[in-house]
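These notes concern the structure reproduced below.
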2 protein chains.
Amino acid sequence: MKPNIKDIARHAGVSPTTVSRVLNNRGYISQKTKDKVHQAMKELNYFPNELARSLFKQRTHLIGLIFPTTANPFYGELIFHIENAFSSKGYKVLLCNSLNRVDKEIDYLDMLQRNQVDGIIVGAHNRHISQYESMYLPAVAIDRNLSNSIPVVSSDNYLGGKVATEHLLKKGCQKIIHINGPHELETPANKRREAYEEVMVKEGRFPITYELRQSLDENYTKTIIDQLFDENPDVDGIFASDDLIAATVLSEAKKRGKDIPTELKIIGYDGTSTVKTCLPELTTIQQPIQAIAQSAVDLLIHQINGEAVDEPLKNIILPIQLSNGFTT
Amino acid sequence: MKPNIKDIARHAGVSPTTVSRVLNNRGYISQKTKDKVHQAMKELNYFPNELARSLFKQRTHLIGLIFPTTANPFYGELIFHIENAFSSKGYKVLLCNSLNRVDKEIDYLDMLQRNQVDGIIVGAHNRHISQYESMYLPAVAIDRNLSNSIPVVSSDNYLGGKVATEHLLKKGCQKIIHINGPHELETPANKRREAYEEVMVKEGRFPITYELRQSLDENYTKTIIDQLFDENPDVDGIFASDDLIAATVLSEAKKRGKDIPTELKIIGYDGTSTVKTCLPELTTIQQPIQAIAQSAVDLLIHQINGEAVDEPLKNIILPIQLSNGFTT
DNA sequence: TTGTAGGCGTTATCAA
DNA sequence: TTGATAACGCCTACAA
């Protein structure tokens with residue numbers, strides 16, 4: 001069915017070795033032979049089998065990507081930049097949506113190793129998974145500690161939480177509430193929360209954090225926000241740990257007739273271009289998504305090439321930026 | 001370094017064949033042997049090499065996905081559902097962001113065939129690419145004609161455009177303008193436009209379509225919309241061919257102090273959950289994203305299994321839905 | 001400048 | 001119930 005190197009060789013009247021040489025531009029080959037071989041490859045519609053190549057070379061140029069879901073714009077954009085960067089360096093990318101489920105993450109990890117990926121980038125946020133420790137495989141984590149030996153790339157989540165909280169304070173908010181994701185997951189949002197709580201305490205305020213657990217109910221977030229407003233009629237500042245939560249807060253507040261930003265100020269987190277397009281008015285903490293992607297990719301390729309990861313590279317922290325909108 | 005089947009065999013005191021049998025649960029093997037082998041695999045931290053397996057079996061269980069970019073929420077969500085569906089059937093997914101660039105699409109197509117993918121799903125929208133015609137590889141296109149033999153899955157774009165336009169008419173709009181993406185790309189938006197123009201003409205109205213060309217300028221869309229408002233101060237209805245454009249229209253209109261929906265009504269297209277979260281007030285035509293994904297996946301697996309694609313399956317059209325918001 | 005042989009890790013066939 | 005062997009498609013010594 002599919003032609004192989006022997007078919008090409010026969011068709012071109014040379015040996016398989018010669019074809020291989022042409023393919024890899026290795027050694028000396030006469031132009032005439034080259035042409036013959038290329039001709040044969042075209043005629044037979046030949047695609048070199050990367051499987052066989054990789055098997056021999058013990059190198060696949062395949063990278064595994066484990067992230068919660070491309071359906072979330074933050075990961076969608078991050079993954080886009082990651083794939084892009086890898087593609088330009090000759091790597092291909094296997095996509096895994098872990099949905100923050102431990103079982104899926106473990107299965108994917110197993111699958112990727114069976115498929116001989118050269119390395120993985122993990123941006124999923126589960127509880128600790130011990131497999132990462134025994135694993136011998138170049139890896140980079142985004143916003144999560146996987147094991148002692150796996151470097152972590154993140155943006156400055158603590159600073160982000162601090163800047164967000166201070167921003168609301170500066171704008172005169174009296175009662176600031178924080179909304180965060182599931183605390184049991186090892187998400188970067190935990191540091192944002194920590195910063196919020198520390199800043200609040202330092203300022204003599206009482207920190208209140210509403211926690212969103214993982215839920216299949218579409219309206220769950222709305223319900224909790226509703227509850228928040230009922231329980232805190234005097235809330236005048238909300239720091240949401242991501243923009244989608246902030247968006248929900250915004251629309252629920254509007255439903256209640258609250259005027260933004262006079263009665264209530266809202267700040268989100270992430271600053272994806274999708275949310276910037278949909279809600280340009282939202283004040284948010286902008287993560288350097290492309291820079292995170294680029295760092296992670298560079299760091300992984302570095303490891304794949306067998307180079308040592310110096311201490312400062314083991315924990316890369318990229319700067320965030322306050323993006324001023326009209327919701328604060 | 002990495003243990004192979006021989007290492008396991010030696011460690012367990014059996015032959016490689018036996019290990020393979022245990023691995024694949026094939027033939028008769030005594031429980032004792034099974035246990036020994038499993039033990040050895042655990043001790044040596046063994047991962048069967050899928051490359052070698054695939055090479056022999058002539059089947060990779062790898063699928064290529066060519067889409068414009070995961071950074072767009074529509075594709076992000078679509079790809080999420082596709083990967084999910086494949087994963088549950090034992091397939092893995094290679095992600096390709098074509099960015100609607102012909103050269104990238106062709107390169108990816110080549111790469112995927114070298115990597116022996118079992119099939120591909122293409123949701124990229126470029127001008128005609130002849131490679132698809134000569135290609136022997138199971139494939140499914142989403143919203144695009146790739147070649148005569150490649151089945152197409154889409155939602156009812158014509159109906160969507162019709163419903164959107166009629167909706168604005170029903171709501172009393174006098175001057176309705178349509179905004180569409182680059183006309184030279186083979187996007188499904190072309191059918192939405194066609195429907196808009198036909199409905200308008202049928203109603204004795206004059207159709208006006210503003211076309212957004214591909215641009216690297218972040219503010220390009222805004223500029224065009226600005227121009228639209230300047231040139232048509234009396235516009236009172238806008239049908240945007242996707243939600244992100246609609247979102248931009250919405251914010252530009254607000255900037256100009258236009259009251260939505262009294263002075264201007266806006267309807268978008270796609271209805272991703274991301275946009276629904278960010279802009280719940282937006283009226284839009286909702287595509288059945290998960291159903292599109294599922295159909296495409298089923299159809300591809302069908303082909304991979306060597307089954308014929310019956311005529312009705314060659315062009316699957318899924319229903320859309322009007323999602324009523326407050327912008328109309 | 002070109003060809004031959006062996007092996008990358010696995011599995012199917014055949015034999016024991 | 002288990003083992004030896006050839007083959008999947010390619011590449012790298014080594015030989016010519």
Side-chain angles (χ1 to χ4, degrees), chain A residues 1-41 44-62 110-118, chain B residues 1-38 40-41 44-62 90 110-118 136-137:
Chain A
M1 185 62 250
K2 286 184 200 162
N4 62 21
I5 209 169
K6 277 186 194 164
D7 298 319
I8 304 300
R10 204 175 312 129
H11 198 83
V14 297
S15 77
T17 312
T18 302
V19 177
S20 172
R21 283 211 185 83
V22 174
L23 231 41
N24 299 287
N25 254 319
R26 194 186 302 286
Y28 304 95
I29 10 175
S30 70
Q31 191 56 46
K32 205 163 63 179
T33 312
K34 256 189 200 169
D35 293 343
K36 267 195 304 188
V37 171
H38 279 129
Q39 179 67 20
M41 299 199 299
L44 299 189
N45 199 235
Y46 172 68
F47 292 91
N49 188 325
E50 285 293 336
L51 249 45
R53 247 191 202 341
S54 296
L55 182 59
F56 183 88
K57 294 254 197 83
Q58 300 289 69
R59 188 116 192 271
T60 55
H61 286 270
L62 256 183
D110 182 73
M111 178 278 274
L112 293 172
Q113 293 184 265
R114 299 161 90 99
N115 282 277
Q116 314 296 118
V117 294
D118 287 345
Chain B
M1 185 59 250
K2 287 185 200 161
N4 61 21
I5 210 170
K6 278 186 192 163
D7 298 319
I8 304 300
R10 204 175 314 130
H11 198 83
V14 297
S15 79
T17 311
T18 302
V19 176
S20 172
R21 283 211 185 82
V22 173
L23 230 39
N24 298 288
N25 253 319
R26 195 186 302 286
Y28 304 95
I29 9 172
S30 69
Q31 192 56 46
K32 205 161 65 178
T33 310
K34 257 188 200 170
D35 294 343
K36 266 194 305 186
V37 171
H38 278 130
M41 299 199 300
L44 299 189
N45 198 235
Y46 172 68
F47 292 91
N49 188 327
E50 286 293 337
L51 248 45
R53 247 190 203 342
S54 296
L55 181 59
F56 185 88
K57 295 254 195 83
Q58 300 289 73
R59 189 119 190 270
T60 55
H61 286 269
L62 257 182
D110 182 73
M111 178 278 275
L112 293 171
Q113 292 184 264
R114 298 161 90 100
N115 281 278
Q116 314 296 118
V117 294
D118 288 345
Y136 172 75
L137 184 64

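Note that the coordinates shown come from a computational prediction; the quantities given were computed from them, not determined experimentally. Lettering of chains follows the sequences in order, A, B, ..., and the numbering in each one begins at 1.
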Describe the nucleic acid contact of Pro48(A) in one word from base, sugar-phosphate, nothing, applying a heavy-atom distance below 4.0 Å. sugar-phosphate
Would you indicate, yes or no, if dT2(D) has its OP1 or OP2 atom less than 4.0 angstrom from a side-chain nitrogen or oxygen of Thr18(B)? no
What do the steps show when you test Thr18(B) against Ser15(B) for side chain to side chain donor-acceptor pair (under 3.5 Å), and what is the final call? CA-CA 5 Å; Thr18(B) 302; Ser15(B) 79; 3.2 Å; yes
Looking at dT11(C), I'd like to know if its phosphate oxygens (OP1 or OP2) sit under 4.0 Å from a side-chain N or O belonging to Arg21(B). no
Below the 4.0 Å mark, does dG9(D) have OP1 or OP2 next to a side-chain nitrogen or oxygen of Gln58(B)? yes
Using a cut-off of 4.0 Å on non-hydrogen atoms, how would the nucleic acid contact of Lys6(A) be classed: base, sugar-phosphate, or nothing? nothing
Between Asn115(B) and Thr60(B), is any pair of side-chain heavy atoms under 4.5 Å apart? no
Over how many whole Å does the gap from Leu55(A) atom CG to dA7(D) atom C1' extend? 13 Å
Within this structure, what is the CE-to-C1' distance between Met41(A) and dC10(D), rounded to whole angstrom? 14 Å
Indicate, yes or no, whether a donor-acceptor pair under 3.5 Å links the base of dT4(C) to the side chain of Thr17(A). yes
Can you see if the side chain of Ser20(B) gets near the phosphate of dA12(C) - specifically, an N or O under 4.0 Å from OP1 or OP2? no
Below 4.0 Å: OP1/OP2 of dT11(C) and any side-chain N or O of Asn24(B): yes
Please report, rounded to the nearest Å, how far the P atom of dG7(C) is from the CZ atom of Phe56(B). 19 Å
dG9(C) OP1/OP2 closer than 4.0 Å to side-chain N/O of Tyr46(B): no
Tyr136(B) vs Asn45(A), test: side chain to side chain contact (heavy atoms under 4.5 Å, CB included). Steps then yes/no. CA-CA 10 Å; Tyr136(B) 172 75; Asn45(A) 199 235; over 6 Å; no
Expressed as a whole number of angstroms, how long is the span from Asp35(B):CG to dT2(D):P? 11 Å
Figure out the CZ/P separation between Arg114(A) and dG9(C), and round it to whole Å. 16 Å
Would you say Ser54(B) places a side-chain N or O within less than 4.0 Å of OP1 or OP2 belonging to dT10(C)? no
Hey, does the side chain of Asp7(A) reach the backbone of Asn4(A) with a donor-acceptor pair shorter than 3.5 angstrom? yes
Find the bend of the helix from dT1(C)-dA16(D) to dA16(C)-dT1(D) as the angle between its two terminal axes (five pairs each), to the nearest 10°. 40°
note: Asn49(A), atom CG; dG9(C), atom P; distance rounded to Å ~ 16 Å
Gap between atoms OH and C1', on Tyr28(B) and dT1(D) respectively (whole Å): 10 Å
Looking only at side-chain atoms of Ile29(B), point me to the closest of dT2(D), dG9(C), dG3(D). dT2(D)
Phe47(B) to Gln113(A) - nearest heavy-atom pair and separation: CZ-OE1, 3.3 Å
Once you round it to whole Å, what is the distance between P of dC8(D) and CG of Asn115(B)? 20 Å
dG9(C) phosphate, OP1 or OP2, under 4.0 Å from Arg53(B) side-chain N/O: no
Using a distance-only test with no angle check, is there a side-chain donor-acceptor pair under 3.5 angstrom linking Asp35(B) and Gln31(B)? yes
Side chain Asn24(B), main chain Arg26(B), donor-acceptor under 3.5 Å: no
Over all atoms of both residues, closest heavy-atom pair of His61(A) and Asp118(A): N-OD2, 2.6 Å
Output the single nucleotide from dT2(C), dT11(C), dG3(C) whose closest atom is nearest the side chain of Lys57(B). dT11(C)
Does any N or O donor sit under 3.5 Å from an N or O acceptor when you compare the side chain of Ser15(B) with the base of dA4(D)? no
